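Read through the structure below, which is laid out as structure tokens, and then see the notes.
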Amino acid sequence: MAVTRLKRKNRKDKAKSAVRRQTLKIQNAKPVIKNVDIEKVKEEFKAKAEKKA
């Protein structure tokens, strides 16, 4: 007996697994941690405030 492939189901299954892989990849992603100089940021805000006034 010949085997027939269900092409639509195959495409649907591949699409479903691709979405699942993408969501897992997004969940495991970690943002890049940047070192922020708080004092420098405060100085910038002060400079902006003085400029407006």
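In this text the structure is predicted, and so the values were computed from the model without any measurement.
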Checklist line | Residues which pass side-chain contact (heavy atoms from CB on, under 4.5 Å) with Glu39, listed by chain and number, not counting sequence neighbours | finding: Asp37, Lys42
Note to self: To the closest 0.5 Å, what do you measure between CZ (Arg21) and NZ (Lys14)?
What the structure shows: 10.0 Å
Item checked: Co-members of the apolar cluster containing Val36 [side chain, <4.5 Å] -> Val41, Phe45
Item checked: Straight-line distance of Glu43 CD to Lys40 NZ, nearest 0.5 Å -> 11.0 Å
Show me the donor-acceptor pairs, under 3.5 Å and distance only, between side chains in residues 4-12 and residues at least two apart or in other chains.
none

Next item on the list: Mark yes when over 12 heavy atoms from residues, nucleotides or ligands other than Ile26 sit less than 6.0 Å from its CD1; otherwise mark no.
Entry: yes
